[in-house]
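Each remark here refers to the structure printed beneath this line.
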Amino acid sequence: GHITAETLMSILRDKESGICVDSEGFRTAGSMVSVLPRDPALPCVHFFTATPDPSRSVFKPFVFVAGIKPVPQVRSPSFPQDPAKQIPRFQSSVDRRHELYRRHEAALELMEQDQERGQKLLETLRGLEKQGLEGMKELL
């Protein structure tokens, strides 16, 4: 009877059910949980992983307001000579991974190569996630 943001995050991380996928050439691309208060005076809070495999990602809180500045760490880089905009298109490729995604890949590599350090890192990330959830509760 009490579904919380944490409940939904747990569901999105569930590998046994097949909701969270990280194998066979297919991977859960990213996940989002939104808290939509009934009081229209309160802001909606959206939690995004912005990285694949929610079981090894952290949900980060975002509140969209007027005049918001994009967070550079989750913005794909732009290129003056972007192959997608040149004719003929896509004759070369560029690395479009944003900084957060590159760091996420490094964290996944650590988790696979050194399970003890990887587990400590995951615990730290979940602690940051918990701070975001607590901040949301204070805000609402």
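Heads up: numbering here begins at 1 and tracks the sequence.
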May I ask whether Leu36 and Leu139 are part of the same hydrophobic cluster, defined by side-chain heavy atoms of I, L, V, M, F, W, Y residues being less than 4.5 angstrom apart, directly or through others?
no
Taking atom types as modelled and ignoring hydrogens, do the side chains of Thr4 and Thr7 form a donor-acceptor contact shorter than 3.5 angstrom?
yes
Salt bridge or not between Asp82 and Arg96? Use side-chain N to carboxylate O under 4.0 Å.
yes
What one should report as the nearest heavy-atom pair of Gln91 and Pro88 is CG-O, 3.4 Å
Please verify the inter-ring angle class for His104 with Tyr101; under 30° counts as parallel, over 60° as perpendicular, anything in between as tilted.
tilted
Arg102 side-chain N/O to Arg97 backbone N/O, donor-acceptor pair under 3.5 Å
yes
Measure up the Phe62 and Phe48 rings against each other and bin them: parallel (under 30°), tilted (30 to 60°), perpendicular (over 60°).
perpendicular
Does a side-chain heavy-atom distance below 4.5 Å link Val94 with Pro83?
yes
Nearest-0.5 Å distance that lies between atom CD in Gln115 and atom CG in Leu110
10.5 Å
In terms of hydrophobic clusters joined by side-chain contacts under 4.5 Å, are Met9 and Val63 together?
yes
Do you know which two heavy atoms are closest between Ser55 and Cys20, and how far apart they sit?
N-SG, 3.8 Å
Check whether more than 12 heavy atoms from other residues, nucleotides or ligands sit under 6.0 Å from atom NZ of Lys15, and answer yes or no.
yes
Same hydrophobic cluster for Ile11 and Val45, using side-chain heavy-atom links shorter than 4.5 Å among ILVMFWY?
yes
Is His98 reaching over with its side chain to a backbone N or O of Gln73, donor-acceptor style, under 3.5 angstrom?
yes
Taking side chain as C-beta onward, heavy atoms only, is Phe64 less than 4.5 Å from Cys44?
no
Between Pro43 and Pro37, which heavy-atom pair has the shortest distance, and what is it?
O-CG, 3.3 Å
Please round to the nearest 0.5 Å and tell me the distance separating atom CD of Glu6 and atom CZ of Phe47.
8.0 Å
CZ/Arg117: more than 12 non-hydrogen atoms of other groups inside 6.0 Å
no
Of the non-hydrogen atoms in Ala5 and Leu133, which two are nearest, and what is the gap between them?
CB-CD2, 3.9 Å
Are Leu8 and Leu140 joined in one hydrophobic group, where the rule is that I, L, V, M, F, W and Y side chains link up if heavy atoms are under 4.5 Å apart?
yes
For Gly132, does its backbone N or O pair with a side-chain atom of Glu134 as donor and acceptor, under 3.5 Å?
no
Rounded to the nearest 0.5 Å, what separates atom CG in Asp114 from atom CD in Gln119?
11.5 Å
In short, Ser57 meets Arg13 closest at the heavy-atom pair O-NH2, 3.0 Å
How many angstroms lie between CE in Met111 and CD in Glu116, if you round to the nearest 0.5 Å?
14.0 Å
Any sub-3.5 Å donor-acceptor pair from Lys60's side-chain atoms to Thr49's backbone N or O?
yes
In terms of hydrophobic clusters joined by side-chain contacts under 4.5 Å, are Leu128 and Val35 together?
no
